Protein chains: 2
Amino acid sequence: MSLPHAILTALVEKPSSGLELTRRFDKSIGYFWSATHQQIYRELGKLERDGLIRALPSPVPARGQKKEYEVLPDGRAELARWTAAPQEPKTLRDPLLLRLRSAAVVGTDGVDTELRRHLDLHRQQLETYRDIEKRDFPPERDAVPDRLRRAVLQAGIDLETFWVEWLERTLSELDR
Amino acid sequence: MSLPHAILTALVEKPSSGLELTRRFDKSIGYFWSATHQQIYRELGKLERDGLIRALPSPVPARGQKKEYEVLPDGRAELARWTAAPQEPKTLRDPLLLRLRSAAVVGTDGVDTELRRHLDLHRQQLETYRDIEKRDFPPERDAVPDRLRRAVLQAGIDLETFWVEWLERTLSELDR
DNA sequence: TAATGCATGTAACGAGTTACATGATTTG
DNA sequence: CAAATCATGTAACTCGTTACATGCATTA
């Protein structure tokens, strides 16, 4: 159950409307937890019903009208509880690895094209992360929250680096 | 839609019953695509209805009786199609990274305990993969299918290595 | 006023998870 | 024969995805 907590985190950082949240997920948050606007609206409804967030008072409460949410004390408490609670690490589940395994039994025709395409995409993503690193993390920012956010970005950089190197090696293994 | 293709791959490797598949997923296949027996039975039903697999003729077709499946030509064709077809890389979506981001706003109390626990688990998993490597991939096995299967295992090893190193670094960042 | 963009939603579906149910076979 | 184990399933729920619907505001 991570989506509600992703939303709570975003709203603690800054109260927002559904669409603003969607845009923020498309940018920074979505790099490690993506969500569509449909998911976000559905979850905002639940969080409000459960008393974890509330809509800021607005003169015109109608459809098509912007609606800002903020986190209530119960929501902040739930977020703190969830953040430190024991959770099992996500088990690996990756379609590309599965496809290589299946290529071992049905043949490798066309697989290398896909591997090369993925290599390109991962190189692009790696570049994007490096740009964010330059832009958002100058050396002078070194408080604990900055170090945490930086560690998260570093995980993204390391994972993309892994994919790039692994794909390069696997492609050269296939060409032998 | 990866589960049906994971099952097709497993059945091409070796015709099996539902429970045998479940055990095989718990061992090798599940290391990069896990599935429970409920998912497997449901999917076997669909694959049979769609004419991609068939149950081997059996004298006693009753509940509680073992039922073996094999892949039909249509199933093999579909598997080959899917293996080479363009698919987008999975976007990163990891609860632990999300929790670090939220720790940046609600505080880091108790987070280090979780990080240490995960570090332990990833070290164990890495050891498991290295054991499989020694057992299943002696240097003399070097045909293309072997190289592919080995590349998949290598991805698992590299990913666990990433987690171990990243967690070590992040923990020392937090302790500073 | 027609079209475009902003903003909030609904509906339907597929996939994964958890809990439970049922029959057959082995073994103490 | 009772209990444990093997084997196959059902049911209910959550989460993520895709497609579509509705209302308001701006501007060409």
Side-chain angles (χ1 to χ4, degrees), chain A residues 1-8 10-11 15-26 29-30 32-50 53-56 58-69 82 87-95 98, chain B residues 1-8 10-11 15-26 29-30 32-50 53-56 58-69 82 87-95 98:
Chain A
M1 291 220 311
S2 296
L3 179 58
H5 301 94
I7 292 177
L8 286 173
L11 288 182
S16 306
S17 69
L19 197 63
E20 279 162 11
L21 277 176
T22 304
R23 300 211 193 297
R24 292 175 60 197
F25 269 81
D26 284 346
I29 303 172
F32 50 92
W33 200 275
S34 60
T36 62
H37 80 272
Q38 293 87 341
Q39 281 177 278
I40 288 170
Y41 284 117
R42 181 164 60 186
E43 207 61 42
L44 283 173
K46 280 190 207 169
L47 288 169
E48 191 176 21
R49 273 206 320 280
D50 296 349
I53 63 174
R54 65 160 191 169
L56 292 178
S58 151
V60 200
R63 190 174 181 135
Q65 282 302 317
K66 196 172 169 171
K67 219 161 114 189
E68 289 237 311
Y69 291 93
W82 174 83
Q87 289 173 233
E88 293 318 296
K90 234 192 33 172
T91 60
L92 178 55
R93 193 178 256 162
D94 191 286
L98 188 55
Chain B
M1 288 222 313
S2 296
L3 180 58
H5 301 94
I7 292 177
L8 286 172
L11 288 180
S16 305
S17 68
L19 197 63
E20 280 163 10
L21 278 176
T22 304
R23 299 209 193 298
R24 292 175 61 197
F25 269 82
D26 284 345
I29 305 172
F32 49 91
W33 199 275
S34 61
T36 63
H37 80 272
Q38 292 88 343
Q39 281 177 277
I40 289 170
Y41 283 117
R42 182 166 57 190
E43 207 62 42
L44 283 172
K46 280 191 209 168
L47 288 168
E48 192 176 20
R49 274 207 318 279
D50 296 348
I53 64 174
R54 64 161 191 166
L56 292 178
S58 150
V60 201
R63 191 180 179 127
Q65 282 298 319
K66 198 172 167 171
K67 220 161 114 189
E68 289 236 312
Y69 291 94
W82 174 83
Q87 290 174 233
E88 293 318 296
K90 232 189 35 169
T91 59
L92 178 54
R93 192 178 256 163
D94 191 286
L98 188 55

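Every value quoted in this text rests on a predicted model; they were computed, and no experiment measured them. Order of the sequence lines fixes the chain letters, A, B, ..., with proteins taken first and strands second; residue numbering starts at 1 for each chain.
Atom CD1 in I7(B) sits roughly 11 Å away from atom P in dA15(C) (whole-Å rounding). Per the geometry, CG belonging to L44(A) stands 15 Å off P belonging to dA7(C), to the nearest Å. Counting to the nearest Å, the P atom of dA15(C) and the CZ atom of F25(B) are 14 Å from each other. In this structure, H5(B) places its NE2 atom 14 Å from C1' of dA15(C), rounding to the nearest Å. When rounded to the nearest whole Å, the span between CZ of R93(A) and C1' of dG16(C) equals 6 Å. If you take CG of L21(A) and P of dG9(C), they are 12 Å apart, rounded to a whole angstrom. Rounded to whole angstrom, the span from the NZ atom of K46(B) across to the P atom of dG14(C) amounts to 7 Å. Rounding to whole angstrom units, CD1 of residue I40(A) and P of dC15(D) are separated by 15 Å.
Taking 4.0 angstrom as the limit, Y41(A) places a side-chain polar atom (N or O) nearer than this to OP1 or OP2 of dT8(C). Contact between the side-chain N/O atoms of R42(B) and the OP1/OP2 oxygens of dG16(C) is not found at any separation under 4.0 Å. When the side-chain nitrogen and oxygen atoms of K66(B) are compared with OP1 and OP2 of dA24(C), none of them lie within a distance under 4.0 Å.
In this structure, CD on E43(B) lies 11.5 Å from CG on L21(B), to the nearest 0.5 angstrom. One distance of note links NE2 of H37(B) with CZ of R23(B); it measures 11.0 Å at 0.5 Å rounding. Taking OG of S2(A) as the start and NZ of K90(A) as the end, the distance is 10.0 Å to the nearest 0.5 Å. Going from atom OG1 of T22(A) over to atom CD of Q39(A) covers 10.0 Å, rounded to the nearest 0.5 Å.
What you find for L44(B) and G18(B) is that their closest heavy atoms are CD1-CA, 3.8 Å.
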Interface polar pairs with nucleotides 18-20 of chain D, N/O, under 3.5 angstrom:
{"residue": "dA19(D)", "atom": "N6", "partner": "Q38(A)", "partner atom": "NE2", "Å": "2.7"}

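For the pair T91(B) and E68(B), both in contact range of DNA chain D, the more 5′-proximal nearest nucleotide belongs to E68(B). Between Y69(B) and P4(A), the residue anchored nearer the 5' end of DNA chain D, judged by the nucleotide with its closest heavy atom, is Y69(B).
Out of dT8(D), dC6(C), dG16(D), the shortest distance to the side chain of L19(B) is found at dT8(D).
Residues passing the side chain to side chain donor-acceptor pair (under 3.5 Å) test with E48(A): none are found, sequence neighbours excluded.
A donor-acceptor pair is defined here as one N or O able to donate and one able to accept, closer than 3.5 Å; no such pair exists between the side chain of R24(B) and the backbone of I29(B).
Residue contacts shown for S17(B) are limited to sugar-phosphate atoms, with no base heavy atom under 4.0 Å away.
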